[in-house]
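First up is the structure itself, then whatever we jot down about it.
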Amino acid sequence: MITVAPSLLAADFARLSEEIEDVRRAGAEWLHYDVMDGVFVPNISMGIPVLQSVRKVTDLFLDAHLMVTEPVRYAKRFCDAGADLVNVHVEADREEKILEALRDIRQAGKLCGVTIKPATPWEAVLPFIDLVDLVLVMTVEPGFGGQHFMPEQMSKVRALRRLFDERGLDIRLEVDGGVDRNTAPVCIEAGADVLVAGSAVFCTNDRAEAVRLIRGE
Ligand code: DX5
Ligand code: ZN
C-alpha cells in the first residue's frame with residue numbers, strides 16, 4: 001500500500017484549512033508537517049501553535065517532520081499538539097538523546113520515526129530500528145521545498161527495504177523531497193511506501209490527478 005503525504009509547506013498558509021480539505025478530497029491520507037528551527041536547517045517554518053490549529057480542522061494522519069536540533073526538547077509537545085507520528089533526525093543529537101525522544105513519543109501514545117539527511121548512511125538508523133514505526137530517507141537537502149530529487153538516495157531506500165524484509169520488520173519507509181509523478185515510480189520501485197510531495201501536489205491545478213499519479217494508479 002502506497003501512502004501519499006502532501007507537505008503543508010507548499011500550501012497557501014493564509015488558507016490552511018481550505019488547502020487541507022482540498023488535498024483530503026484529492027485522496028491524500030496523510031499530511032506531512034515540516035518543522036524547521038533555523039538552526040538544524042537554514043530556514044524557519046511552522047511550529048506547535050499552527051499544528052494545534054491544523055489538528056482542529058482535520059482527521060488526516062499528521063506526520064510531523066522535526067528538522068530541529070535536540071528534538072527531545074520538543075517531541076512530546078508535538079505529540080500533545082496533535083501529531084499522529086513524530087519524526088526526528090538522527091543527526092540532530094547524540095544517540096541516547098534521540099532514543100529518549102523516541103521513547104517520549106511512544107509514551108505519549110504516538111508513532112515515531114527517524115530521518116536521515118542525504119549525506120548520512122542508511123546504517124545510521126540501526127540503533128533505533130527496534131523502536132521506530134517509520135524511517136524517512138531525505139531525497140533533497142532538508143530546509144526548502146521545490147528542490148530537485150536525488151536519485152542516488154535510492155540505494156539507501158533499497159538497503160533499508162532489504163533489511164526490513166530480512167528481519168520481518170513492520171516499518172514504513174518514507175521518502176521526502178522532489179517527489180512528483182516522474183520520480184515517484186523510482187521511489188516505489190526501490191521499496192518506499194510513503195511518499196511526501198509538496199509542490200507536486202499543492203502547486204498544480206489537478207491535485208487529485210497528482211495524488212493518483214504519485215501513488216502509481
Ligand atoms: C524539505 C521538506 C519537505 C518539502 C518537500 O526540507 O522536508 O517535506 O516540503 O517539498 P517538495 O515535495 O516540493 O520537494
Ligand atoms: Zn519533510
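If you read the sequence from its start, that first residue is 1, and numbering goes on from there. Order of listing sets the numbers, starting from 1, for every ligand and every atom in it.
Residues passing the salt bridge (Lys or Arg N to Asp or Glu O under 4.0 Å) test with E166, sequence neighbours excluded: none.
The 4.0 Å heavy-atom shell around ligand 1 contains residues S7, L9, H32, D34, M36, H65, M67, M138, P142, G143, F144, G145, G146, D176, G177, G178, V196, A197, G198, S199, ordered by chain and number.
In this structure, R172 does not pair ionically with D133, as no charged nitrogen and carboxylate oxygen lie closer than 4.0 Å. Between E189 and R158 there is a salt bridge, since at least one side-chain N of the basic residue sits less than 4.0 Å from a carboxylate O of the acidic one. Salt-bridge annotation for E209 and R181: present, with a side-chain N of the basic residue lying under 4.0 Å from a carboxylate O of the acidic one.
Within the model, atoms CG of L173 and CZ of R161 stand 5.0 Å from one another, a figure rounded to the nearest 0.5 Å.
Around the CG atom of D59, the shell of radius 6.0 Å holds no more than 12 heavy atoms that belong to other residues, nucleotides or ligands.
By the 30° and 60° cut-offs, the orientation of the rings of F40 relative to H89 is tilted.
Evaluation of the ring pair (Phe, Tyr, Trp, His ring centres under 6.0 Å) test over residues 131-154, restricted to residues two or more places apart or in two chains, returns none.
Within the protein, the N, O or S atoms sitting under 2.8 Å from the Zn ion (ligand 2) are H32 NE2, D34 OD1, H65 ND1, D176 OD2.
Follow the hydrophobic side-chain contacts under 4.5 Å out from V157 and you reach V179 in the same cluster.
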